[in-house]
Amino acid sequence: MAATDLIRLSDPDFFTRDVLTVAPELTGKYLVRQYADGHVQAYLIIETEAYRGEEDKACHASKGCTPRTQVMYEPGGVVYMYLIYGMYWMLNIVTGPASQPQAVLIRAIEGANGPGKLTRTLMLDRSFYGENLCTSDRIWIADAGLNPNIKTSPRIGIDYAGEFWANQPWRFILQPH
DNA sequence: TCATTGATTTCA
DNA sequence: GAAATCAATGAT
């Protein structure tokens with residue numbers, strides 16, 4: 001599908017809703033990237049995970065506001081990037097109103113089946129920290145008008161957060177038709 | 001299954 | 001300052 005067929009999500013209100021509403025709605029939409037040379041490419045979002053507030057022990061903001069997590073306290077619609085295992089940048093989209101630290105981790109897009117591969121493919125790094133998806137000319141979200149079939153499952157790799165949080169079905173996966 | 005890898009956080 | 005931690009990946 002050509003990028004011009006997609007409708008950009010430029011309304012901040014889409015992102016300032018609760019993360020548990022936004023995360024499943026992002027699956028089946030398109031992550032659009034405009035590279036430095038002007039080339040525009042749209043990627044179907046396959047898989048997301050929700051991280052919800054300081055009470056969520058799997059959310060980085062559960063330990064409070066730090067220089068790294070600060071952007072999660074902003075109103076939804078900005079990008080939260082972080083480095084894990086010293087090697088992989090993770091792409092997250094901040095959601096919810098101001099001072100509610102929520103974010104959606106983009107785990108997989110069409111053609112890249114892991115969050116580390118995803119950011120490497122799209123050439124995303126810390127320079128995208130705080131990028132506004134509604135106004136940026138480098139990265140944004142677009143609606144393809146799909147009505148996707150979505151499956152849920154527990155989140156991945158957060159056993160450290162304890163059984164309760166590790167069992168929340170806050171991972172959203174696009175199912176093939 | 002295991003080594004890689006470095007920013008962030010925690011402890012002193 | 002120093003040490004431990006870690007939401008992953010690719011090679012074995």
Side-chain angles (χ1 to χ4, degrees), chain A residues 15-31 33 41 43-97 99-133 138-141 148 150-175:
Chain A
F15 299 101
T16 54
R17 294 172 300 160
D18 192 275
V19 67
L20 294 180
T21 304
V22 178
E25 287 192 21
L26 282 176
T27 59
K29 290 202 166 36
Y30 279 82
L31 176 66
R33 176 83 167 91
Q41 180 77 49
Y43 303 88
L44 182 63
I45 298 174
I46 303 287
E47 191 177 326
T48 64
E49 279 182 14
Y51 290 85
R52 188 168 188 265
E54 294 179 349
E55 62 174 15
D56 179 0
K57 294 292 180 277
C59 178
H60 285 170
S62 65
K63 295 187 175 119
C65 183
T66 69
R68 181 171 67 147
T69 61
Q70 184 191 359
V71 74
M72 275 200 276
Y73 289 80
E74 309 237 345
V78 296
V79 171
Y80 167 46
M81 300 292 302
Y82 71 90
L83 190 68
I84 192 61
Y85 299 129
M87 311 165 95
Y88 302 106
W89 286 100
M90 300 286 132
L91 172 65
N92 299 255
I93 296 173
V94 176
T95 69
S99 65
Q100 281 201 23
Q102 306 183 342
V104 178
L105 170 65
I106 308 298
R107 284 196 72 85
I109 58 173
E110 197 172 33
N113 63 348
K117 290 192 211 170
L118 186 162
T119 53
R120 199 172 58 189
T121 300
L122 299 201
M123 296 189 287
L124 300 172
D125 57 28
R126 73 176 311 142
S127 75
F128 285 82
Y129 184 96
E131 190 89 357
N132 189 323
L133 291 169
R138 302 194 287 172
I139 186 169
W140 62 90
I141 302 296
I150 295 167
K151 176 180 139 188
T152 63
S153 84
R155 294 177 289 180
I156 297 300
I158 55 163
D159 291 346
Y160 67 90
E163 195 174 319
F164 176 80
W165 293 108
N167 285 332
Q168 296 299 316
W170 289 356
R171 178 180 176 219
F172 303 96
I173 308 153
L174 185 68
Q175 296 297 107

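All chains are named by letter (A, B, ...) in the order of the sequence lines, taking the proteins before the strands, and each is independently numbered beginning at 1.
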Do we see A:Y82 stacking on the base of B:dA7, given a limit of 5.5 Å between centres and 30° between planes?
no
Return the value, rounded to whole Å, for the distance between atom [atom1] of [X] and atom [atom2] of [N].
| X | N | atom1 | atom2 | value |
| --- | --- | --- | --- | --- |
| A:R126 | B:dG6 | CZ | P | 14 Å |
| A:L91 | C:dA8 | CG | P | 14 Å |
| A:E47 | C:dA8 | CD | C1' | 13 Å |
| A:Y85 | C:dC6 | OH | P | 8 Å |
| A:Y160 | C:dA4 | OH | C1' | 15 Å |
| A:I158 | C:dA8 | CD1 | P | 10 Å |

Applying salt bridge (Lys or Arg N to Asp or Glu O under 4.0 Å), can you list everything that pairs with A:E49, at least two apart in sequence or on another chain?
A:R107
Can you pull every protein N or O that's under 3.5 Å from an N or O on nucleotides 9-12 of chain C?
{"unit_1": "C:dT9", "atom_1": "OP1", "unit_2": "A:P115", "atom_2": "N", "d": "3.0"}
{"unit_1": "C:dT9", "atom_1": "OP1", "unit_2": "A:G116", "atom_2": "N", "d": "3.0"}
{"unit_1": "C:dT9", "atom_1": "O4'", "unit_2": "A:Y88", "atom_2": "OH", "d": "3.0"}
{"unit_1": "C:dG10", "atom_1": "OP1", "unit_2": "A:R120", "atom_2": "NH2", "d": "3.1"}

Base, sugar-phosphate, or nothing for [X], non-hydrogen atoms under 4.0 angstrom?
| X | value |
| --- | --- |
| A:R155 | nothing |
| A:L83 | sugar-phosphate |
| A:G157 | sugar-phosphate |

Checking A:Y129 side chain against A:V71 main chain: does a donor-acceptor pair fall under 3.5 Å?
yes
Donor-acceptor check, side chain of A:T16 to backbone of A:G96, threshold 3.5 angstrom: yes or no?
no
State whether A:F128 and A:R138 meet the cation-pi test: NZ (Lys) or CZ (Arg) under 6.0 Å from the six-membered ring centroid, and within 45° of the perpendicular axis.
yes
State which residues pass side-chain contact (heavy atoms from CB on, under 4.5 Å) with A:T48; sequence neighbours excluded, sorted by chain then number.
A:A23, A:L26, A:T27, A:I45, A:V104, A:I106, A:F172
Ion pair A:R120/A:D125, N-O distance below 4.0 Å
no
Validation row, ring centre A:Y82 to ring centre A:H60 under 6.0 Å
yes
For residues 158-167 of chain A, run the donor-acceptor check on the side chains, cut-off 3.5 Å, and write out each pair with its distance to 0.1 Å, sequence neighbours left out.
{"unit_1": "A:Y160", "atom_1": "OH", "unit_2": "A:A58", "atom_2": "O", "d": "3.3"}
{"unit_1": "A:N167", "atom_1": "ND2", "unit_2": "A:E163", "atom_2": "O", "d": "3.1"}

Does OP1 or OP2 of B:dT9 have a side-chain N or O of A:R68 closer than 4.0 Å?
yes
Under 3.5 Å, which protein N or O atoms sit close to an N or O of nucleotides 10-12 of chain B? Give each pair with its distance.
none

Is it true that A:Q102 and A:T95 share a donor-acceptor pair across their side chains at a distance under 3.5 Å?
yes
What distance separates A:L31 CG from A:L118 CG, expressed to the nearest 0.5 Å?
7.0 Å
Within a radius of less than 6.0 Å around NZ of A:K57, do more than 12 heavy atoms belonging to other residues, nucleotides or ligands occur?
yes
Give each stem of DNA chain C as a range with a range, requiring at least 3 consecutive Watson-Crick or G-U wobble pairs whose two distances are under 3.5 Å.
B:1-4 with C:8-11, B:6-11 with C:1-6
